[in-house]
Amino acid sequence: MIIAVDGPAASGKGTLARRLASHFGFHYLDTGSLYRAVALAVLKQGAVPADAKAAEIAAASLILPDRDDPALRSEAVSAAASMVAAFPQVRAHVLEYQRKFAATPPGAVLDGRDIGTVVCPQADVKLFVTAKPEVRACRRLLERQAQGEQLDYDELLADIRARDARDMNRAIAPLKPATDARLLDTSDLDIETAFQAALRLIEGS
Ligand code: DC
């Protein structure tokens with residue numbers, strides 16, 4: 001059983017996917033953390049995220065990152081992840097990794113941008129989770145404040161919009177709902193209500 005959860009940054013897809021995995025007893029993969037790990041490796045080497053060769057080498061030696069590593073969550077790594085994710089060679093390495101993971105019994109929940117369209121087009125359930133950019137920027141701001149970081153709302157909103165545009169307009173595996181995806185807008189929903197709505201969509205699939 002495979003559940004694909006796609007959507008833009010800070011849409012709530014990660015929280016939902018993690019809860020769904022624990023609800024069903026499935027494995028969970030945050031595929032964004034793989035692109036983040038590639039980006040972090042590139043930056044650590046002193047290379048720039050636009051360096052396709054450095055990104056490809058980092059992707060080829062990818063190992064499962066600790067998704068809770070705060071270094072993976074910085075705004076610099078978020079932007080760089082979206083850049084390295086546009087390189088076909090990077091995506092090819094990450095694709096292989098994700099497909100192996102998705103095949104782990106008894107089932108897996110993967111969240112990302114292209115799970116329902118490219119990584120697991122055969123997924124049993126596909127959710128596309130969205131929220132208004134302003135709501136997503138606000139969530140990110142509160143999340144960061146809780147971690148003791150002070151960020152600027154307008155800058156966060158601009159970063160989110162830039163990342164959406166890059167993820168949606170790239171030539172390979174752009175962010176878009178699969179034709180058979182169920183849409184869930186979490187703009188006005190708290191986590192619990194969004195989770196219940198996702199369960200209803202899954203049960204109706
Ligand atoms: O989900 P996230 O914000 O952690 O993802 C970071 C970046 O990685 C995102 O801006 C685009 C890229 N990504 C992708 O291209 N495909 C995925 N399946 C997951 C993430």
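Each ligand, and each atom within it, is numbered from 1 in the order the structure gives. Note that the structure is a prediction, hence the values are computed from the model and not measured.
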Starting from F128, walk the hydrophobic network (Ile, Leu, Val, Met, Phe, Trp, Tyr; side-chain heavy atoms closer than 4.5 Å) and list everyone else you reach, by chain and number.
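Result for F128 is M168, L175, L183.
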Using a 4.5 Å cut-off between side-chain heavy atoms of Ile, Leu, Val, Met, Phe, Trp and Tyr, which other residues end up in the same hydrophobic cluster as Y153?
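Direct or chained contacts put Y153 with L141, L151, L156, L157.
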Salt-bridge test for R161 and E134: reply yes if a basic N is under 4.0 Å from a carboxylate O, no otherwise.
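Answer for the salt bridge query: yes.
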Those protein residues which place at least one heavy atom below 4.0 Å from ligand 1
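For ligand 1, the residues that come within the 4.0 Å heavy-atom cutoff are K13, T31, G32, Y35, R36, A81, S82, A85, R91, G112, R113, D114, R163, D167, R170.
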Please tabulate, one pair per line, all N/O donor-acceptor pairs under 3.5 Å involving side-chain atoms of residues 40-51, not counting sequence neighbours.
unit_1 : atom_1 : unit_2 : atom_2 : d
D51    : OD1    : K53    : N      : 3.2
D51    : OD1    : A54    : N      : 3.1

Is the shortest heavy-atom distance from the side chain of R182 to the side chain of K126 under 4.5 Å?
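A side-chain contact is absent here, since even the closest heavy-atom pair is not under 4.5 Å.
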Residue from V5, L29, I3, D30 passing side-chain contact (heavy atoms from CB on, under 4.5 Å) with L110:
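The passing option is L29.
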